[in-house]
Amino acid sequence: MEQIIRIAVQKSGRLSDDSLSLIKECGIKFYNGTGKLKSTSTNFPIEFLFLRDDDIPGYVADGVADLGIVGENELVEKDKEVVTLKKLGFSKCRLSLAIPKGQEYTGVSYFEGKNIATSYPKILGDYLKKVNISAAIHEISGSVEIAPSIGLAEGICDIVSSGSTLMMNGLKEVEEIFKSEAVLIANKDLVDWKKAIVDKLLFRMNAVQKGKSNKYVLLNAPNESLEKIISLIPGMRSPTILPLAQPGWSSVHSVLQEDQFWENIEELRAAGAEGILVVPIEKMII
Ligand code: ATP
Ligand code: MG
């Protein structure tokens with residue numbers, strides 16, 4: 001049998017584009033025609049299953065898929081036994097409690113004895129237990145925001161990113177109860193040959209992620225300030241120093257986390273650095 005692993009990704013929705021871009025940036029090619037439910041890569045031993053995100057944790061737990069990309073909200077809500085391999089940094093959102101705009105919010109005790117509509121009964125139930133509030137949870141699968149205006153509930157618990165959906169429905173966010181981003185999950189009993197393929201994929205994903213958060217920095221500096229500049233931008237092992245055609249000057253090349261660069265920019269300039277270029281890195285293997 002051909003040795004190939006299966007990954008479940010969302011068919012279409014807020015996880016799909018970033019999931020597929022990440023896989024492409026890992027150099028994995030595949031055909032993703034509209035309406036296709038399955039596809040095999042032409043250059044990496046991986047097959048894709050395109051599913052609703054609700055089904056991904058279950059498919060991975062059952063071993064129908066070896067890997068999956070899903071939001072932590074869906075993962076925790078479904079409560080399946082899988083291994084989280086990596087946070088992926090996209091599809092960031094939060095689950096929050098919201099109430100009608102006109103109501104005065106007095107703290108979480110507001111919800112005592114109230115009805116709350118949500119698609120996340122487990123996460124909400126765990127939260128209410130933690131803060132010691134008893135409220136009735138009404139599980140509905142979509143359009144949660146309209147529940148208060150139709151008299152189903154006094155509050156809701158739903159995904160918020162900008163808050164504009166809440167506002168349009170006359171609601172205000174009052175408590176954030178869960179933070180979520182996309183994660184890579186795996187079946188917990190992968191056989192060794194599958195683990196080896198997963199490790200290859202993880203290696204590539206790490207290289208892509210590292211590349212994104214780091215920049216290649218080039219600058220010119222007078223030789224007498226090189227020592228100071230090297231201490232500010234130490235790089236991976238150490239910076240590359242190349243002489244400029246003009247005597248007494250050098251070009252310094254280094255790799256830096258982007259935020260580190262901004263922290264050091266004034267000191268670099270004060271030390272005499274000029275002609276500073278910051279260039280994106282596609283992949284980074286240390
Ligand atoms: P499906 O049809 O696959 O069940 P869905 O409608 O349940 O899709 P989407 O709205 O596509 O789900 O959201 C998928 C995931 O993306 C959510 O579970 C959440 O983790 C994340 N997400 C949701 N809303 C946002 C948002 N506004 N911004 C960023 N990420 C979000
Ligand atoms: Mg869904």
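Keep in mind it's a predicted model, so treat the numbers as computed, not measured. Atoms within a ligand are numbered from 1 in the order they appear, just like the ligands themselves.
For atom 24 (N) of ligand 1, the nearest protein heavy atom (residue, atom name, distance) is R14 CD, 3.1 Å. Distance from atom 29 (C) of ligand 1 to its nearest protein heavy atom, with residue and atom name: K92 O, 3.3 Å. The closest protein non-hydrogen atom to atom 2 (O) of ligand 1 is R52 NE, 3.3 Å. Looking only at protein heavy atoms, the nearest one to atom 17 (C) of ligand 1 is N73 ND2, 3.7 Å. Among protein heavy atoms, atom 27 (N) of ligand 1 sits closest to S161 OG, 2.7 Å. If you check which protein heavy atom lies closest to atom 4 (O) of ligand 1, you get D54 OD1, 2.7 Å. Nearest protein heavy-atom contact of atom 21 (C) of ligand 1 is C93 SG, 3.9 Å.
Residue I159 approaches ligand 1 through these ligand atoms, each under 4.0 Å from one of its heavy atoms: 17 (C), 19 (C), 23 (C), 24 (N). Those atoms of ligand 1 that come under 4.0 Å of a heavy atom in G13, given as number and element, are 11 (O). When each atom of ligand 1 is checked for a heavy atom of G71 under 4.0 Å away, the hits are 20 (O).
Side-chain contact, Y105 with E175: a donor N or O sits under 3.5 Å from an acceptor N or O.
Stacking of K114 on the aromatic ring of Y110 is recorded, both the 6.0 Å distance cut-off and the 45° axial limit being met.
Considering both main-chain and side-chain atoms, D53 comes within under 3.5 Å of ligand 1 through a nitrogen or oxygen pair. Considering backbone and side-chain N/O atoms, E72 never comes within less than 3.5 Å of an N/O atom of ligand 1.
A distance below 6.0 Å separates the ring centres of F30 and F48.
The heavy atom nearest to atom 8 (O) of ligand 1, considering only K11, Q10, E77, is found in Q10.
Under a 4.0 Å N-O distance rule, the pair K130/D126 does not qualify as a salt bridge. Salt-bridge formation is detected for the pair K212/E25: a Lys NZ or Arg NE/NH1/NH2 atom is positioned less than 4.0 Å from an Asp or Glu carboxylate oxygen. Remark: E72 engages K87 in a salt bridge, criterion side-chain N to carboxylate O under 4.0 Å. Between E47 and R6, at least one side-chain nitrogen of the basic residue sits less than 4.0 Å from a carboxylate oxygen of the acidic one, meeting the salt-bridge criterion.
By the criterion of a separation under 2.8 Å, the protein N/O/S atoms near the Mg ion (ligand 2) amount to D53 OD1, D54 OD1.
For CG of D199, the number of neighbouring non-hydrogen atoms (other residues, nucleotides, ligands) closer than 6.0 Å is greater than 12. The neighbour count for E81 CD, taken as heavy atoms of other residues, nucleotides or ligands under 6.0 Å away, does not exceed 12.
Counting heavy atoms from C-beta outward, L49 and I56 have side chains that stay 4.5 Å or more apart. The closest side-chain heavy-atom distance from I286 to K210 is below 4.5 Å.
Checked against K215 for a side-chain contact (heavy atoms from CB on, under 4.5 Å), the options Q260, E258, Q257 give a single hit: E258.
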